[in-house]
There are 2 protein chains.
Amino acid sequence: MKLSTTSQYAIRVMIFISQNSDIKIFHAKEISEKLSIPYKYLTKIMSKLVEANIITSTRGREGGYSIAKKSVNIKMIDLVKAVDDSLHDTTCVLGIGLCNENKKCALHDEWREPKESMLNMFCNTTLKDVSEEAS
Amino acid sequence: MKLSTTSQYAIRVMIFISQNSDIKIFHAKEISEKLSIPYKYLTKIMSKLVEANIITSTRGREGGYSIAKKSVNIKMIDLVKAVDDSLHDTTCVLGIGLCNENKKCALHDEWREPKESMLNMFCNTTLKDVSEEAS
DNA sequence: TTTTAATTCTATATTAAAGTAGTAATTAAA
DNA sequence: TTTAATTACTACTTTAATATAGAATTAAAA
Ligand code: SF4
Ligand code: SF4
């Protein structure tokens, strides 16, 4: 019961970028080393974040990545959706999902609460929330 | 954010067996067909359930599988742990897990509630709860 | 005792995620 | 204009989960 490695990487990258707002541009090499994420794998993830308009990239010499909007406007769910949507709502814990409200197994309702609670966490938490040290 | 296919299969098998308590012995072929689970994959899972003393097996002609204890005494977490522990407690949503109570990211606490809520669901729900039609 | 129907064991195949490699494209500095 | 530093693209490799195949083992029925 965890996020994919890809999603975890994406979140860690964004936290890193957000926490170093004095730095305006980040290089893949630098991020890769600082966060111990395989370089080539990282660049793939960065491209997805660019595609999703969360990161702006500048190619060529003196290029790099920078954050595309304020961290308060980036929801955690956006990050996950941008890279692999590994917490895509599954509705059914058993992977069936065909039952309806009238005929359902006990897990259906049991599962709903924690699932929604988890989804809400990603929908209602912004990158800013996560990046700021808990007071 | 879902259970592994293996865990889903295990749960579905146990619900099926529990809901058909008039039948005393089940054959792999029968379960496989009824639940559309690949035969050979199913038998592997059954072996794990046998190993975990959740299922009793009888080899040879007229053999098969039967439930080893009352469904009220089988926790859902036991099923998952028996086959692949796919909801093994991850502590850290980012796969780092080295931070402590004094230095932690915002996700640490955000994550705790839904995670524990989900884990509790599997610890406190028995196969009986899940097998009985919601009233 | 032989046959048959079942589980169990060992090995292999397929698939998707994770990770790696090399080249192309871009851009600014030299 | 050449070179160096960067991201983007395309293809391949590795790994782990899922799935399949076939032979070995067991035990009751015939
Ligand atoms: S009732 Fe149970 S099996 Fe059916 S969709 Fe809901 S969780 Fe899945
Ligand atoms: S503080 Fe954040 S990164 Fe550290 S263990 Fe907790 S969830 Fe993981």
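Throughout, a chain's letter reflects where its sequence line sits, starting with A, and its residues are numbered from 1.
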Problem set entry | Heavy atoms of other groups near A/Lys48 NZ, more than 12 under 6.0 Å |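 Yes, NZ of A/Lys48 has more than 12 neighbouring heavy atoms, counting only those of other groups under 6.0 Å.
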
Calculate the interatomic distance between [X] atom [atom1] and [N] atom [atom2]; express it in whole Å.
X	N	atom1	atom2	answer
B/Lys48	C/dT8	NZ	C1'	14 Å
B/Ile37	D/dT20	CD1	C1'	15 Å
A/Glu51	D/dC9	CD	C1'	13 Å
A/Ile45	D/dT7	CD1	C1'	15 Å
B/Lys44	C/dT8	NZ	C1'	12 Å
B/Ile25	C/dT7	CD1	C1'	11 Å
B/Leu42	D/dA21	CG	P	15 Å
A/His27	C/dT27	NE2	P	16 Å

So, do [X] and [Y] sit near enough that their side-chain heavy atoms are less than 4.5 Å apart?
X	Y	result
A/Leu35	A/Leu42	no
B/His108	B/Arg112	yes
B/Leu94	B/Trp111	no

Exercise. Is the shortest side-chain N/O distance from A/Thr58 to OP1 or OP2 of C/dT26 below 4.0 Å?
Worked result: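 A/Thr58 to C/dT26 OP1/OP2: no side-chain N or O under 4.0 Å.
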
For this session: State whether B/Thr43 places a side-chain N or O below 4.0 Å from either non-bridging phosphate oxygen (OP1 or OP2) of C/dT7.
Result: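 No.
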
Exercise. With sugar-phosphate meaning primed atoms plus P, OP1 and OP2, does A/Tyr65 contact a base, only sugar-phosphate, or nothing at under 4.0 Å between heavy atoms?
Worked result: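 Since only primed, P, OP1 and OP2 atoms lie under 4.0 Å of A/Tyr65, the category is sugar-phosphate.
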
For this session: For B/Lys29, report the nucleic acid contact type (base, sugar-phosphate, nothing); a contact means any heavy atom under 4.0 Å.
Result: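 Contact class for B/Lys29: none.
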
From the options [options], select the nucleotide whose nearest atom is closest to the side chain of [X].
X	options	value
A/Tyr41	C/dG19, D/dA19, D/dA8	C/dG19
B/Ala28	C/dA29, C/dT8, C/dT7	C/dT7
A/Glu62	C/dA29, D/dA19, D/dA28	C/dA29
B/Tyr9	C/dT8, C/dG19, D/dA19	D/dA19
A/Arg59	C/dA6, D/dT7, C/dA29	D/dT7

For this session: Decide whether B/Ile31 and B/Tyr39 are clustered together by the hydrophobic rule: side chain heavy atoms of Ile, Leu, Val, Met, Phe, Trp, Tyr closer than 4.5 Å, transitively.
Result: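 No.
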
For this session: Assign each of A/Met46 and A/Arg61 to its nearest nucleotide of DNA chain D by heavy atoms, then name whichever residue's nucleotide is nearer the 5' end.
Result: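 Whichever sits nearer the 5' end wins; that is A/Arg61.
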
For this session: Map A/Thr5 and A/Lys40 onto DNA chain C by nearest heavy atom, then report which one ends up closer to the 5' terminus.
Result: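 The answer here is A/Thr5.
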
Exercise. Across all strands shown, which nucleotide pairs with C/dA30 by Watson-Crick or G-U wobble geometry, both distances under 3.5 Å?
Worked result: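 Answer to the pairing question: D/dT1, which forms a Watson-Crick or G-U pair with C/dA30.
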
